[in-house]
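What follows is a set of notes on a single structure, which appears directly below.
On a predicted model such as this, the values are computed, not experimentally measured, just so you know. A, B, ... follow the sequence lines: proteins, then strands. Residue 1 opens every chain.
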Amino acid sequence: MRISKLFGKTQREMPAEADTISHQLLLRAGMIHQVAAGVYSYLPLAWRALKKIENIIREEMDTAGGQELMMPVLQPLELWQETGRDLAFGKGLFTLSDRRDRKLALGPTHEEVITQLVRYNVQSYRDLPLLLYQIQTKFRDEPRPRAGLIRVREFTMKDLYSFDVDEEGLNQSYNKMLQAYHNIYSRCGLPALLVEADSGAIGGKDSHEFMAITESGEDEIIYCPDCQYTANTDKAQSIKYKTDSEKPLPLEEVATPGFTTIEQVSDFLKVPQSHTLKAVFYIADGKLVFVVIRGDIEVNEVKLKNTLHCIDLRLASEVEVIDAGIVAGSASPIGISGIKIVADDSITSGANFIAGANKPDTHLRNVDYPRDFKTDIVADIAQAHAGEGCPNCGGKLSSTHGIEVGHIFKLGTFLSEKLGAFFIDPNGVSHPIVMGCYGIGLGRLLAAAIELNHDDKGIIWPLAIAPYHIYLCPLYLENPQVATTAENLFADLKAECLEVLFDDRQESPGVKFNDADLLGIPIRVIISPRTLEKNSVEIKRRSVKETELVPLEEIVTRLKELIRV
RNA sequence: CGGGGUGUGGCGCAGUUGGUUAGCGCGCAGCGUUUGGGACGCUGAGGUCGGAGGUUCAAGUCCUCUCACCCCGACCA
């Protein structure tokens, strides 16, 4: 490709809209263009890179035994209502009506459609296992699209769905995908960390995410440097600091005039926060929930949501709390009735806590669970933090950030049961098909690759996903010898089927070098009067500082070597 | 949805207490001089100042409404 003909221009100045590195570089390199919030056009260079990623993914899916198919974006909303996931996705689901006023959804994912498809094509255990996948545009009306290609509303996603006869089969499929995913990231030049994850609106049991580790990532990851434990903070557990075991004392009231927060009360009573009980109020699917947790620990809303099995969860407003007859600031689980009480398991150890008294300006001393109050549910609903104990080995947890570049789920049978996808086992008994699903966002993977592979000059494409391999860069093109050599070399390289971007512009060396760095093509080939004096050209790899001078007659061989590795 | 911010040629920005023909840099087109890390000169094209309404002799500038985009949070994966 000749740069003079290439659609897309580089920009010298930093785009004002972008403050994530991959977003800035993609815009400056003229590779993407924003159409609306979270909606982008891919220009030829970005599209080539995306297709490379797509092909790597396709090869790995095929190798793992996947069969590619294609399903529609446009899906009847009814299908989503059948599984109840229209509610789980909520406003994230793009919906529309056709001319007959039938409700449709733009698919945010395709479990419903494929389960229905499989239902019509699978009757027997002999038809299983199945690994089916598609690479498709999906739509999610994200509350807040951001960071360029990292969080968008329309995106290309590879989704593979596995169908097995039992858990054992699911585990095998899952492991095949784990391996395939590792291969994909490694081939894309993108180190990705496997972390335990929450399954969110997709639902299901076990779930793992693949994270590209970078401080600019929007997910927080808790990990243990001493063992393999790694989890998204949504899911992460930790060993909670244990309070000393004390002999329970009798309850007594204590005046706390004007003190309502845990911090104020613990300061005033000179008691550590870990000796207090905090009350937090949520509205879960419209109903007030009373959450009790130790004062020094925060509620993890994802865990709470999973514990409650609810779809919608938010903090209750002060008005809602007061309307329920609760004394805000001195709320107590003691003597409360008619409200669901959920406790973090942190309250089950220790004794003699400070808690609210359900009377203004008053708290209670020496509260003891379960002596003084009852709960409906006790579970781990605490936010884990770096510095706390690893649940696996007791080591000290650390944290970092990452971009979620893949997510895999053991779905189980809830979708197949709801949509009637059953099979007959060898004994003639009917069972729901056991499912899994495995997704990768291609555009996000591309952006993450840039986040992890760049310098202050521009992108440094990993060879496998670079839009082109070679940046052929003649200097002083008005010099006939340079021009002829460059044209001949371009023709030779094309004849060898090498992927070459030919900077045939009559620009100054500075402009060409800077564009070459910005575009990040892995191998730069310079032809100039200076190199031609030695009957050579200069090769410089984008990822290293050194250059090498290569005689003209060896250049093709040398480039092929560099591209093979 | 809550908070903050920005909308002025393709891009980045300036535009005072309202005052004539809306500027600058980059980029773009033409000509000439240059040339190993974003060269220089000359000439030129390119603008509904996000939109609507209002105040005023006069609005990019003031008022009201509205739209879009960005950031933080909520939410979502």
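- The gap from the P atom of G18(B) to that of A29(B) amounts to 42 Å, rounded to the nearest Å.
- Base engagement by Glu142(A) is indicated by at least one non-hydrogen atom pair under 4.0 Å involving a base atom.
- Side chain of Trp461(A) to main chain of Leu519(A): a donor-acceptor pair is present (N/O by atom type, distance under 3.5 Å, no hydrogens or angles).
- One can place CG of Asp141(A) at 11 Å from P of C1(B), the figure rounded to the nearest angstrom.
- Applying the 3.5 Å distance criterion, the base of C76(B) shares no donor-acceptor pair with the side chain of Arg140(A).
- Gln11(A) has its CD atom 10 Å from the C1' atom of C26(B), to the nearest Å.
- With rounding to whole Å, Arg12(A) atom CZ is found 13 Å from C28(B) atom C1'.
- A gap of 25 Å separates the P atoms of C70(B) and C62(B), to the nearest Å.
- Judged by atom type and distance alone, Glu13(A) does not reach the base of G27(B) through any side-chain donor-acceptor pair under 3.5 Å.
- Taking side-chain N and O atoms only, Arg146(A) has no distance below 4.0 Å to OP1 or OP2 of C70(B).
- Side-chain nitrogen and oxygen atoms of Arg144(A) include at least one within less than 4.0 Å of the OP1 or OP2 phosphate oxygen of C72(B).
- Pairing of U61(B), defined by two Watson-Crick or G-U wobble distances under 3.5 Å, is not identified with any nucleotide.
- The Ser528(A) side chain lies nearest to G36(B) when the options are G73(B), C11(B), G36(B).
- Comparing atom distances between the Lys457(A) side chain and each of C70(B), C76(B), G37(B) picks out G37(B) as nearest.
- Aromatic rings from Phe210(A) and His182(A) are positioned such that their centres are separated by under 6.0 Å.
- Using atom C1' as the reference point in both G27(B) and A39(B), the two lie 16 Å apart (nearest Å).
- Looking at heavy atoms from C-beta onward, Val482(A) lies in side-chain contact with Pro529(A) at the 4.5 angstrom threshold.
- Here, G53(B) and G10(B) have their P atoms 23 Å apart, quoted to the whole Å.
- Nucleotides U17(B) and C13(B), compared at atom C1', are 23 Å apart to the nearest Å.
- Rounded to a whole angstrom, the distance from the C1' atom of U16(B) to that of G38(B) is 34 Å.
- Annotation: C72(B) and G9(B) have their P atoms spaced 26 Å apart (nearest Å).
- Taking atom CG on Asp19(A) and atom P on G12(B), their separation rounds to 14 Å, with Å as the unit.
- Atoms CD1 (Ile150(A)) and P (C70(B)) sit 14 Å apart, rounded to a whole Å.
- Under the Watson-Crick or G-U wobble criterion, with both distances below 3.5 Å, G36(B) has no partner in any strand shown.
- Taking a pair to require two hydrogen-bonding distances under 3.5 Å in either a Watson-Crick or a G-U wobble arrangement, G44(B) pairs with C28(B).
- Note on Arg28(A): a base of the nucleic acid sits closer than 4.0 angstrom, heavy atoms only.
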Between Gln134(A) and Met157(A), does a side chain to side chain contact (heavy atoms under 4.5 Å, CB included) hold up when you go through it step by step? CA-CA 8 Å; Gln134(A) 68 167 172; Met157(A) 186 169 167; over 6 Å; no

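- Around atom CD of Glu78(A), no more than 12 heavy atoms belonging to other residues, nucleotides or ligands sit under 6.0 Å away.
- Between Glu451(A) and Thr20(A), some side-chain heavy-atom pair lies under the 4.5 Å cut-off.
- Although no hydrogens or angles enter the test, the distance criterion places no donor-acceptor pair under 3.5 Å between the side chain of Thr531(A) and the main chain of Ile527(A).
- Tyr185(A) has its side chain within reach of Leu445(A): a pair of non-hydrogen atoms, C-beta onward, lies under 4.5 Å apart.
- Within a heavy-atom distance below 4.0 Å of RNA chain B, the residues of residues 504-521 of chain A found are Ser508(A), Pro509(A), Gly510(A), Val511(A), Phe513(A), Asn514(A), Asp515(A), Asp517(A).
- Separating the CZ atom of Arg151(A) from the P atom of C70(B) is a distance of 14 Å, rounded to the nearest angstrom.
- If you check G36(B), C69(B), U35(B) against the side chain of Ala36(A), the one that comes closest is C69(B).
- Pairing partner, C13(B): G23(B), with both Watson-Crick or wobble hydrogen-bond distances short of 3.5 Å.
- Of the nucleotides present, A68(B) is the one that pairs with U6(B) by Watson-Crick or G-U wobble criteria, both distances under 3.5 Å.
- Distance alone, capped at 3.5 Å, is enough to place a donor-acceptor pair between the Arg48(A) side chain and the Pro467(A) backbone.
- In this structure, the CD atom of Glu533(A) is 13 Å from the C1' atom of G36(B), given to the nearest Å.
- Note on Thr531(A): a base of the nucleic acid sits closer than 4.0 angstrom, heavy atoms only.
- At the heavy-atom level, Lys540(A) lies nowhere under 4.0 Å from the strands shown.
- If you take CE of Met14(A) and P of G10(B), they are 22 Å apart, rounded to a whole angstrom.
- Between the side chain of Glu154(A) and the backbone N or O of Phe139(A), no donor-acceptor pair lies under 3.5 Å.
- The partner of G73(B) is C1(B), by the rule that a Watson-Crick or G-U pair needs both atom distances under 3.5 Å.
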